[in-house]
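Protein chains get the first letters and strands the later ones, always in sequence-line order, with residue 1 at the start of each.
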Amino acid sequence: MTDLTAHNRSSEATPSLYRVLHCVVNGRPVTKLVDVRASLLDMLRDDFRLTSVKKGCEVGECGACTVLVDGESFDACIYLAVWVDGKDVRTCEGLASIEGELNVAQQSFIDQTAVQCGFCTPGLLMSATELLETGKSYTRDELRVLLAGHLCRCTGYENIVNAVEIAMHKHLTDTAPDTFWDGEGSNQATT
Amino acid sequence: MYDMKALYEAHSVREAITLLTDHPDARILAGGSDILVALRDGKHLGQEWVSIQRIDEMRRITMDEEGTLRIGALCSSSNITANDLVRRYAPSLGEAVATIGGPQVRNIATIGGNICNGVPSADSAATCFAWDAVMELEGPDGTRHVPIGEFYIRTKQVDIRPGEVVTAILITKDAYEGYKGAYFKYAMRNAMDIATCTCSTTVKMSADRETVENARIAFGVAGPIPCRAPHGEAAIRGKEPTKEAVLAAARAAIQDTNSRDSWRASKAFREHMLQEMARRCLIRSIKRAGGHLHD
(Lines give C-alpha, C1' and ligand atoms only; values in the text may rest on other atoms or scores of the structure.)
Protein backbone atom coordinates (compact mmCIF):
# COMPACT_ATOMS: atom_id res chain seq x y z
CA MET A 1 0.00 0.00 0.00
CA THR A 2 1.51 3.31 -0.99
CA ASP A 3 2.42 5.51 1.95
CA LEU A 4 0.89 8.64 0.59
CA THR A 5 2.25 10.74 3.42
CA ALA A 6 5.86 10.04 2.49
CA HIS A 7 5.15 10.45 -1.21
CA ASN A 8 3.58 13.82 -0.79
CA ARG A 9 6.19 15.11 1.60
CA SER A 10 9.02 14.19 -0.73
CA SER A 11 7.42 16.01 -3.62
CA GLU A 12 6.22 18.91 -1.51
CA ALA A 13 8.93 21.23 -2.76
CA THR A 14 7.83 20.80 -6.39
CA PRO A 15 4.31 19.40 -6.67
CA SER A 16 3.93 17.74 -10.05
CA LEU A 17 2.16 19.96 -12.52
CA TYR A 18 1.81 17.22 -15.14
CA ARG A 19 -0.20 14.05 -15.37
CA VAL A 20 -0.55 11.35 -17.96
CA LEU A 21 -4.12 10.65 -18.83
CA HIS A 22 -5.82 8.05 -20.97
CA CYS A 23 -9.15 8.73 -22.56
CA VAL A 24 -11.14 8.31 -25.74
CA VAL A 25 -11.55 11.36 -27.96
CA ASN A 26 -14.14 11.09 -30.73
CA GLY A 27 -13.83 7.34 -30.75
CA ARG A 28 -10.02 7.19 -30.64
CA PRO A 29 -8.15 6.04 -27.52
CA VAL A 30 -5.46 8.58 -26.68
CA THR A 31 -2.72 9.05 -24.11
CA LYS A 32 -1.75 12.58 -23.23
CA LEU A 33 0.56 14.39 -20.88
CA VAL A 34 -1.39 17.35 -19.56
CA ASP A 35 -0.78 20.24 -17.24
CA VAL A 36 -2.98 19.65 -14.16
CA ARG A 37 -4.05 23.29 -14.37
CA ALA A 38 -5.40 22.96 -17.90
CA SER A 39 -9.08 22.97 -18.65
CA LEU A 40 -10.56 20.36 -20.96
CA LEU A 41 -11.15 23.23 -23.36
CA ASP A 42 -7.43 24.04 -23.42
CA MET A 43 -6.57 20.39 -23.97
CA LEU A 44 -9.05 19.76 -26.78
CA ARG A 45 -8.21 22.92 -28.68
CA ASP A 46 -4.46 23.15 -28.14
CA ASP A 47 -3.41 19.52 -27.91
CA PHE A 48 -5.93 17.93 -30.27
CA ARG A 49 -6.73 20.83 -32.58
CA LEU A 50 -10.45 20.24 -31.96
CA THR A 51 -11.28 23.84 -32.60
CA SER A 52 -15.03 23.32 -32.89
CA VAL A 53 -14.92 23.63 -29.09
CA LYS A 54 -15.10 27.42 -28.80
CA LYS A 55 -13.83 29.75 -26.12
CA GLY A 56 -16.87 31.97 -25.66
CA CYS A 57 -16.67 33.14 -22.07
CA GLU A 58 -14.40 30.67 -20.22
CA VAL A 59 -16.65 30.88 -17.16
CA GLY A 60 -19.39 28.37 -17.96
CA GLU A 61 -22.02 30.93 -19.01
CA CYS A 62 -22.34 30.71 -22.78
CA GLY A 63 -22.17 27.00 -23.66
CA ALA A 64 -19.96 27.52 -26.72
CA CYS A 65 -17.47 25.01 -25.32
CA THR A 66 -20.02 22.28 -24.55
CA VAL A 67 -18.70 18.75 -25.07
CA LEU A 68 -20.01 15.32 -24.15
CA VAL A 69 -18.11 13.31 -21.55
CA ASP A 70 -19.51 9.80 -21.14
CA GLY A 71 -22.62 11.05 -22.88
CA GLU A 72 -23.27 13.99 -20.54
CA SER A 73 -22.86 17.60 -21.60
CA PHE A 74 -20.33 19.78 -19.78
CA ASP A 75 -18.82 23.20 -20.32
CA ALA A 76 -15.23 22.25 -21.14
CA CYS A 77 -13.96 25.61 -19.92
CA ILE A 78 -14.74 24.82 -16.28
CA TYR A 79 -13.91 21.12 -16.53
CA LEU A 80 -10.33 20.25 -15.67
CA ALA A 81 -8.48 18.18 -18.29
CA VAL A 82 -7.36 15.67 -15.65
CA TRP A 83 -10.97 14.80 -14.85
CA VAL A 84 -11.40 13.22 -18.28
CA ASP A 85 -9.03 10.34 -17.46
CA GLY A 86 -10.71 7.06 -18.35
CA LYS A 87 -13.64 8.78 -20.00
CA ASP A 88 -15.14 9.13 -23.46
CA VAL A 89 -15.07 12.64 -24.91
CA ARG A 90 -17.03 13.75 -27.94
CA THR A 91 -16.93 17.02 -29.79
CA CYS A 92 -18.65 18.28 -32.90
CA GLU A 93 -15.83 16.85 -35.02
CA GLY A 94 -17.01 13.40 -33.99
CA LEU A 95 -20.70 13.77 -34.81
CA ALA A 96 -20.61 13.09 -38.53
CA SER A 97 -20.32 9.50 -39.66
CA ILE A 98 -17.08 8.04 -40.91
CA GLU A 99 -18.31 8.64 -44.46
CA GLY A 100 -18.88 12.28 -43.60
CA GLU A 101 -22.66 12.17 -43.35
CA LEU A 102 -23.94 14.75 -40.90
CA ASN A 103 -25.95 13.52 -37.96
CA VAL A 104 -29.66 14.27 -37.59
CA ALA A 105 -29.08 17.38 -35.48
CA GLN A 106 -26.40 18.83 -37.75
CA GLN A 107 -28.50 18.35 -40.87
CA SER A 108 -31.53 19.80 -39.15
CA PHE A 109 -29.59 22.94 -38.14
CA ILE A 110 -28.72 23.50 -41.78
CA ASP A 111 -32.24 22.76 -43.05
CA GLN A 112 -33.84 25.09 -40.48
CA THR A 113 -31.34 27.95 -40.96
CA ALA A 114 -30.34 27.66 -37.32
CA VAL A 115 -26.78 28.74 -38.11
CA GLN A 116 -25.66 32.31 -38.78
CA CYS A 117 -22.16 33.07 -37.59
CA GLY A 118 -21.89 29.51 -36.32
CA PHE A 119 -19.98 30.27 -33.13
CA CYS A 120 -22.62 28.86 -30.78
CA THR A 121 -23.47 25.99 -33.10
CA PRO A 122 -20.99 23.29 -32.09
CA GLY A 123 -21.89 23.62 -28.42
CA LEU A 124 -25.60 23.53 -29.23
CA LEU A 125 -25.13 20.46 -31.39
CA MET A 126 -23.50 18.63 -28.48
CA SER A 127 -26.42 19.47 -26.18
CA ALA A 128 -28.87 18.56 -28.92
CA THR A 129 -27.07 15.25 -29.43
CA GLU A 130 -27.22 14.53 -25.71
CA LEU A 131 -30.93 15.07 -25.49
CA LEU A 132 -31.67 13.19 -28.69
CA GLU A 133 -29.68 10.23 -27.43
CA THR A 134 -31.94 9.96 -24.38
CA GLY A 135 -34.55 8.72 -26.84
CA LYS A 136 -37.22 10.75 -25.06
CA SER A 137 -39.79 13.07 -26.53
CA TYR A 138 -39.73 16.63 -25.19
CA THR A 139 -42.19 19.48 -25.49
CA ARG A 140 -40.97 22.72 -26.99
CA ASP A 141 -40.86 24.28 -23.53
CA GLU A 142 -38.80 21.38 -22.24
CA LEU A 143 -36.42 21.77 -25.16
CA ARG A 144 -35.95 25.44 -24.31
CA VAL A 145 -35.00 24.45 -20.74
CA LEU A 146 -32.62 21.78 -21.99
CA LEU A 147 -30.92 24.27 -24.30
CA ALA A 148 -30.84 27.04 -21.68
CA GLY A 149 -27.09 26.66 -21.19
CA HIS A 150 -26.36 28.25 -24.55
CA LEU A 151 -26.21 31.85 -25.69
CA CYS A 152 -26.67 32.87 -29.33
CA ARG A 153 -26.23 36.46 -30.45
CA CYS A 154 -27.40 35.99 -34.02
CA THR A 155 -30.48 33.88 -34.49
CA GLY A 156 -32.90 34.81 -31.72
CA TYR A 157 -33.07 31.08 -30.88
CA GLU A 158 -36.31 30.38 -32.76
CA ASN A 159 -34.74 28.42 -35.61
CA ILE A 160 -32.46 26.63 -33.18
CA VAL A 161 -35.43 25.33 -31.19
CA ASN A 162 -37.17 24.42 -34.48
CA ALA A 163 -34.09 22.52 -35.63
CA VAL A 164 -33.78 20.54 -32.41
CA GLU A 165 -37.50 19.80 -32.32
CA ILE A 166 -37.54 18.55 -35.89
CA ALA A 167 -34.38 16.51 -35.32
CA MET A 168 -36.03 14.96 -32.26
CA HIS A 169 -39.11 13.96 -34.24
CA LYS A 170 -36.98 12.59 -37.06
CA HIS A 171 -34.83 10.66 -34.62
CA LEU A 172 -37.81 9.20 -32.75
CA THR A 173 -39.74 8.14 -35.84
CA ASP A 174 -36.71 6.81 -37.65
CA THR A 175 -37.12 3.07 -38.16
CA ALA A 176 -33.39 2.45 -37.85
CA PRO A 177 -32.32 0.84 -34.55
CA ASP A 178 -30.43 2.77 -31.86
CA THR A 179 -27.83 4.23 -34.22
CA PHE A 180 -27.88 7.93 -34.36
CA TRP A 181 -27.48 8.15 -38.10
CA ASP A 182 -28.12 5.63 -40.86
CA GLY A 183 -25.13 3.34 -41.05
CA GLU A 184 -22.51 2.56 -38.42
CA GLY A 185 -22.98 3.83 -34.88
CA SER A 186 -19.38 3.73 -33.73
CA ASN A 187 -19.82 6.82 -31.58
CA GLN A 188 -22.90 5.54 -29.81
CA ALA A 189 -22.81 6.96 -26.31
CA THR A 190 -23.79 4.74 -23.44
CA THR A 191 -25.96 7.08 -21.41
CA MET B 1 -4.95 27.37 -17.80
CA TYR B 2 -5.90 27.94 -14.19
CA ASP B 3 -3.61 29.69 -11.72
CA MET B 4 -3.07 26.88 -9.24
CA LYS B 5 0.00 26.21 -7.12
CA ALA B 6 -0.76 22.50 -7.08
CA LEU B 7 -3.58 20.04 -7.68
CA TYR B 8 -3.65 16.84 -5.67
CA GLU B 9 -6.17 14.24 -6.76
CA ALA B 10 -7.89 12.00 -4.24
CA HIS B 11 -9.46 8.71 -5.27
CA SER B 12 -10.99 7.87 -1.92
CA VAL B 13 -12.19 9.68 1.18
CA ARG B 14 -9.18 8.34 3.12
CA GLU B 15 -6.82 9.72 0.51
CA ALA B 16 -8.56 13.08 0.54
CA ILE B 17 -8.18 13.35 4.32
CA THR B 18 -4.49 12.41 4.05
CA LEU B 19 -3.88 14.97 1.32
CA LEU B 20 -5.68 17.70 3.24
CA THR B 21 -3.74 16.88 6.39
CA ASP B 22 -0.41 16.81 4.53
CA HIS B 23 -1.18 20.06 2.73
CA PRO B 24 -2.96 22.19 5.33
CA ASP B 25 -3.08 25.18 2.99
CA ALA B 26 -4.93 23.21 0.33
CA ARG B 27 -8.64 23.66 -0.27
CA ILE B 28 -11.15 21.19 -1.57
CA LEU B 29 -12.19 21.30 -5.22
CA ALA B 30 -15.28 19.30 -6.18
CA GLY B 31 -17.26 20.13 -9.33
CA GLY B 32 -15.49 23.46 -9.72
CA SER B 33 -18.49 25.40 -10.96
CA ASP B 34 -18.01 27.95 -8.18
CA ILE B 35 -14.27 27.76 -7.62
CA LEU B 36 -12.99 27.62 -11.20
CA VAL B 37 -15.16 30.60 -12.06
CA ALA B 38 -13.77 32.45 -9.04
CA LEU B 39 -10.24 31.61 -10.23
CA ARG B 40 -11.01 33.27 -13.54
CA ASP B 41 -12.09 36.28 -11.56
CA GLY B 42 -8.66 36.48 -9.95
CA LYS B 43 -9.60 34.97 -6.60
CA HIS B 44 -7.73 32.20 -4.73
CA LEU B 45 -4.63 32.71 -6.89
CA GLY B 46 -1.62 30.55 -6.13
CA GLN B 47 -3.75 28.22 -4.02
CA GLU B 48 -3.18 24.50 -3.59
CA TRP B 49 -6.17 22.27 -4.29
CA VAL B 50 -7.28 18.78 -3.37
CA SER B 51 -9.53 17.57 -6.14
CA ILE B 52 -12.15 15.12 -4.87
CA GLN B 53 -13.81 14.71 -8.26
CA ARG B 54 -12.59 11.11 -8.55
CA ILE B 55 -14.16 9.84 -5.33
CA ASP B 56 -16.93 7.78 -6.87
CA GLU B 57 -18.01 6.37 -3.51
CA MET B 58 -19.39 9.85 -2.77
CA ARG B 59 -21.65 9.79 -5.82
CA ARG B 60 -24.25 7.37 -4.52
CA ILE B 61 -27.78 7.97 -3.28
CA THR B 62 -28.95 5.23 -0.93
CA MET B 63 -31.31 4.50 1.90
CA ASP B 64 -30.00 2.75 4.98
CA GLU B 65 -31.75 0.24 7.27
CA GLU B 66 -33.17 3.02 9.43
CA GLY B 67 -34.69 4.64 6.37
CA THR B 68 -32.26 7.56 6.28
CA LEU B 69 -31.92 8.99 2.79
CA ARG B 70 -28.23 9.42 2.10
CA ILE B 71 -27.13 11.68 -0.73
CA GLY B 72 -23.44 11.48 -1.56
CA ALA B 73 -21.86 14.94 -1.44
CA LEU B 74 -20.47 14.57 -4.95
CA CYS B 75 -23.85 13.83 -6.52
CA SER B 76 -24.50 16.24 -9.35
CA SER B 77 -27.69 18.29 -9.55
CA SER B 78 -28.82 16.28 -12.58
CA ASN B 79 -28.30 12.99 -10.78
CA ILE B 80 -30.22 14.19 -7.75
CA THR B 81 -33.18 15.44 -9.81
CA ALA B 82 -33.38 12.17 -11.74
CA ASN B 83 -32.97 9.91 -8.73
CA ASP B 84 -35.89 7.66 -7.74
CA LEU B 85 -35.24 7.82 -3.99
CA VAL B 86 -35.12 11.62 -4.03
CA ARG B 87 -38.27 11.75 -6.14
CA ARG B 88 -40.09 9.52 -3.72
CA TYR B 89 -38.95 10.89 -0.38
CA ALA B 90 -37.76 14.48 -0.91
CA PRO B 91 -38.92 15.54 -4.37
CA SER B 92 -38.64 19.27 -3.73
CA LEU B 93 -34.88 18.82 -3.31
CA GLY B 94 -34.69 17.43 -6.84
CA GLU B 95 -36.79 20.36 -8.03
CA ALA B 96 -34.59 22.84 -6.22
CA VAL B 97 -31.28 21.65 -7.65
CA ALA B 98 -32.89 21.54 -11.10
CA THR B 99 -32.94 25.35 -11.00
CA ILE B 100 -29.16 25.66 -10.76
CA GLY B 101 -27.57 27.35 -13.78
CA GLY B 102 -28.18 25.41 -16.97
CA PRO B 103 -27.95 21.75 -18.00
CA GLN B 104 -24.15 21.70 -18.39
CA VAL B 105 -23.62 23.32 -15.00
CA ARG B 106 -26.09 20.91 -13.41
CA ASN B 107 -24.07 17.98 -14.72
CA ILE B 108 -20.91 19.13 -12.93
CA ALA B 109 -22.24 21.00 -9.88
CA THR B 110 -22.27 18.92 -6.70
CA ILE B 111 -24.63 19.28 -3.76
CA GLY B 112 -21.68 19.21 -1.36
CA GLY B 113 -20.03 22.08 -3.15
CA ASN B 114 -23.30 23.97 -3.37
CA ILE B 115 -23.65 23.88 0.42
CA CYS B 116 -19.97 24.25 1.35
CA ASN B 117 -19.54 27.33 -0.83
CA GLY B 118 -21.44 28.88 2.05
CA VAL B 119 -23.63 31.39 0.25
CA PRO B 120 -27.30 31.69 1.19
CA SER B 121 -28.36 31.89 -2.47
CA ALA B 122 -27.37 28.26 -3.11
CA ASP B 123 -30.35 26.47 -4.60
CA SER B 124 -29.95 23.39 -2.44
CA ALA B 125 -29.49 25.36 0.80
CA ALA B 126 -32.99 26.49 1.75
CA THR B 127 -34.40 23.11 0.75
CA CYS B 128 -31.86 21.24 2.89
CA PHE B 129 -32.99 23.42 5.80
CA ALA B 130 -36.64 22.63 5.00
CA TRP B 131 -35.87 18.89 5.10
CA ASP B 132 -33.85 19.13 8.35
CA ALA B 133 -30.84 17.74 6.52
CA VAL B 134 -27.78 16.58 8.43
CA MET B 135 -24.27 17.01 7.04
CA GLU B 136 -21.94 14.04 7.34
CA LEU B 137 -18.23 14.81 7.50
CA GLU B 138 -15.20 12.54 7.59
CA GLY B 139 -11.90 13.75 8.96
CA PRO B 140 -8.71 12.73 10.73
CA ASP B 141 -10.69 12.42 13.97
CA GLY B 142 -13.45 10.31 12.46
CA THR B 143 -17.03 10.95 11.37
CA ARG B 144 -19.06 13.93 12.43
CA HIS B 145 -22.72 14.74 11.91
CA VAL B 146 -23.82 18.36 11.89
CA PRO B 147 -27.45 19.42 11.49
CA ILE B 148 -27.58 21.86 8.62
CA GLY B 149 -29.02 24.53 10.92
CA GLU B 150 -25.66 24.54 12.71
CA PHE B 151 -23.44 24.09 9.66
CA TYR B 152 -23.37 27.66 8.38
CA ILE B 153 -21.15 29.93 10.46
CA ARG B 154 -21.26 33.06 8.35
CA THR B 155 -21.43 33.90 4.67
CA LYS B 156 -18.83 31.84 2.81
CA GLN B 157 -17.90 29.87 5.92
CA VAL B 158 -19.27 26.52 6.94
CA ASP B 159 -18.25 24.26 9.79
CA ILE B 160 -15.61 22.15 8.09
CA ARG B 161 -12.58 21.50 10.25
CA PRO B 162 -9.02 21.03 8.95
CA GLY B 163 -8.66 17.73 7.11
CA GLU B 164 -12.39 17.16 6.85
CA VAL B 165 -14.50 16.39 3.79
CA VAL B 166 -18.28 16.54 3.61
CA THR B 167 -19.19 13.04 2.46
CA ALA B 168 -22.99 13.05 2.46
CA ILE B 169 -26.19 14.94 3.11
CA LEU B 170 -28.62 12.89 5.19
CA ILE B 171 -32.38 13.21 5.52
CA THR B 172 -33.80 10.99 8.26
CA LYS B 173 -37.10 9.16 8.13
CA ASP B 174 -38.54 11.44 10.81
CA ALA B 175 -37.63 14.37 8.64
CA TYR B 176 -39.25 13.18 5.43
CA GLU B 177 -42.02 10.78 6.37
CA GLY B 178 -45.39 12.29 5.56
CA TYR B 179 -43.91 15.57 4.34
CA LYS B 180 -44.25 17.18 0.96
CA GLY B 181 -42.42 20.31 -0.08
CA ALA B 182 -42.08 23.11 -2.58
CA TYR B 183 -39.24 25.40 -3.64
CA PHE B 184 -39.34 28.86 -5.20
CA LYS B 185 -36.35 30.57 -6.72
CA TYR B 186 -36.67 34.24 -7.49
CA ALA B 187 -34.02 35.42 -9.96
CA MET B 188 -33.64 37.96 -12.73
CA ARG B 189 -33.52 35.27 -15.43
CA ASN B 190 -35.27 31.95 -15.92
CA ALA B 191 -31.97 30.12 -16.24
CA MET B 192 -28.24 30.64 -15.77
CA ASP B 193 -28.76 32.94 -12.81
CA ILE B 194 -28.08 33.01 -9.12
CA ALA B 195 -31.12 33.45 -6.90
CA THR B 196 -32.02 36.90 -5.63
CA CYS B 197 -33.92 35.05 -2.92
CA THR B 198 -35.23 31.56 -2.31
CA CYS B 199 -37.88 29.89 -0.21
CA SER B 200 -38.44 26.25 0.57
CA THR B 201 -41.19 24.74 2.68
CA THR B 202 -42.23 21.25 3.77
CA VAL B 203 -45.61 20.40 5.23
CA LYS B 204 -47.08 17.36 6.93
CA MET B 205 -50.86 17.19 7.23
CA SER B 206 -52.74 15.52 10.07
CA ALA B 207 -54.06 12.01 9.45
CA ASP B 208 -57.47 13.35 8.45
CA ARG B 209 -55.79 15.98 6.27
CA GLU B 210 -57.80 18.73 7.97
CA THR B 211 -54.98 20.51 9.79
CA VAL B 212 -51.32 21.21 9.27
CA GLU B 213 -49.54 18.89 11.65
CA ASN B 214 -46.15 20.48 11.01
CA ALA B 215 -44.54 22.94 8.63
CA ARG B 216 -40.93 23.94 8.01
CA ILE B 217 -40.20 27.22 6.28
CA ALA B 218 -36.70 28.11 5.12
CA PHE B 219 -35.31 31.11 3.29
CA GLY B 220 -32.18 31.79 1.30
CA VAL B 221 -30.80 35.32 0.97
CA ALA B 222 -32.97 36.58 3.81
CA GLY B 223 -29.82 37.16 5.83
CA PRO B 224 -26.13 36.26 5.68
CA ILE B 225 -26.85 32.54 5.96
CA PRO B 226 -29.92 30.44 5.10
CA CYS B 227 -32.47 30.35 7.89
CA ARG B 228 -35.62 28.72 9.13
CA ALA B 229 -38.64 30.80 10.08
CA PRO B 230 -39.88 29.48 13.44
CA HIS B 231 -42.47 32.26 13.88
CA GLY B 232 -43.96 31.43 10.52
CA GLU B 233 -43.93 27.72 11.32
CA ALA B 234 -45.63 28.26 14.68
CA ALA B 235 -48.32 30.35 13.01
CA ILE B 236 -49.48 27.51 10.77
CA ARG B 237 -48.77 24.52 12.98
CA GLY B 238 -51.99 22.83 14.10
CA LYS B 239 -54.10 25.18 12.03
CA GLU B 240 -56.61 24.55 9.29
CA PRO B 241 -55.04 25.45 5.97
CA THR B 242 -57.09 28.53 5.14
CA LYS B 243 -55.94 31.33 2.86
CA GLU B 244 -55.79 33.63 5.89
CA ALA B 245 -53.76 31.22 7.96
CA VAL B 246 -51.24 30.77 5.17
CA LEU B 247 -50.94 34.51 4.65
CA ALA B 248 -50.54 35.07 8.39
CA ALA B 249 -47.82 32.42 8.51
CA ALA B 250 -46.00 33.97 5.59
CA ARG B 251 -46.15 37.37 7.28
CA ALA B 252 -44.94 35.93 10.56
CA ALA B 253 -42.07 34.20 8.77
CA ILE B 254 -40.60 37.58 7.80
CA GLN B 255 -39.97 38.28 11.48
CA ASP B 256 -37.26 35.62 11.32
CA THR B 257 -35.46 37.23 8.41
CA ASN B 258 -32.76 39.87 8.35
CA SER B 259 -32.69 41.17 4.78
CA ARG B 260 -30.57 44.12 3.79
CA ASP B 261 -30.64 46.99 1.36
CA SER B 262 -28.10 46.38 -1.37
CA TRP B 263 -27.47 47.25 -4.99
CA ARG B 264 -29.27 44.05 -5.94
CA ALA B 265 -32.54 44.79 -4.11
CA SER B 266 -33.89 46.87 -1.28
CA LYS B 267 -34.87 45.38 2.06
CA ALA B 268 -38.53 46.26 1.46
CA PHE B 269 -38.49 44.50 -1.91
CA ARG B 270 -36.79 41.41 -0.49
CA GLU B 271 -39.29 41.15 2.35
CA HIS B 272 -42.17 41.55 -0.05
CA MET B 273 -40.79 38.78 -2.27
CA LEU B 274 -39.94 36.43 0.60
CA GLN B 275 -43.40 36.75 2.09
CA GLU B 276 -45.14 36.04 -1.20
CA MET B 277 -42.80 33.15 -1.91
CA ALA B 278 -43.48 31.66 1.52
CA ARG B 279 -47.20 31.99 0.92
CA ARG B 280 -47.01 30.22 -2.45
CA CYS B 281 -44.65 27.51 -1.22
CA LEU B 282 -46.90 26.78 1.77
CA ILE B 283 -49.95 26.50 -0.45
CA ARG B 284 -48.14 24.18 -2.82
CA SER B 285 -46.75 22.07 0.01
CA ILE B 286 -50.18 21.80 1.65
CA LYS B 287 -51.78 20.67 -1.59
CA ARG B 288 -49.02 18.17 -2.28
CA ALA B 289 -49.33 16.83 1.25
CA GLY B 290 -53.00 16.11 0.63
CA GLY B 291 -54.53 19.16 2.25
CA HIS B 292 -57.16 21.46 0.80
CA LEU B 293 -56.86 25.20 0.91
CA HIS B 294 -60.04 26.64 2.40
CA ASP B 295 -61.21 30.21 2.05
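- Remark: the backbone N or O of A:Ser73 is paired with a side-chain donor or acceptor of B:Asn107 at under 3.5 angstrom.
- Residues A:Glu58 and B:Arg40 come closest through the heavy atom pair O-NE, 2.8 Å.
- Taking non-hydrogen atoms and a 4.5 Å limit, the residue list of residues 77-86 of chain A in contact with chain B, ordered by number, reads A:Cys77, A:Ile78, A:Tyr79, A:Leu80, A:Val82, A:Trp83, A:Val84, A:Asp85.
- Here the closest heavy-atom approach between residue B:Ala191 and residue A:Ala148 is recorded as CB-CB, 3.6 Å.
- For B:Lys287, the NZ atom sits in a loose shell: 12 or fewer heavy atoms of surrounding residues, nucleotides or ligands are nearer than 6.0 Å.
- Only the side chain of B:Ser51 comes within less than 4.5 Å of a heavy atom of chain A; its backbone N, CA, C and O stay farther away.
- Between B:Met4 and A:Arg37 the shortest heavy-atom distance is O-CD, 3.3 Å.
- Using a 4.5 Å cut-off between heavy atoms, B:Ile35 makes no contact with chain A at all.
- By the 6.0 Å contact criterion, CZ on A:Arg45 is enclosed, its count of non-hydrogen atoms from other residues, nucleotides or ligands being greater than 12.
- Looking at A:Asp75, both its backbone and its side chain come within 4.5 Å of chain B, counting heavy atoms on both sides.
- Using non-hydrogen atoms only and a strict 4.5 Å limit, the part of residues 136-147 of chain A facing chain B consists of A:Val145, A:Leu146.
- Heavy-atom neighbours of A:Asp111 CG from other residues, nucleotides or ligands within 6.0 Å: above the threshold of 12.
- For the pair A:Gly149 and B:Gln104, the tightest heavy-atom approach, listed with the atom from each and the gap, is O-NE2, 3.3 Å.
- Within a 6.0 Å radius of CD1 in B:Ile194, other residues, nucleotides and ligands contribute 12 heavy atoms or fewer.
- Within 6.0 Å of the CZ atom in B:Arg27, the count of heavy atoms belonging to other residues, nucleotides or ligands exceeds 12.
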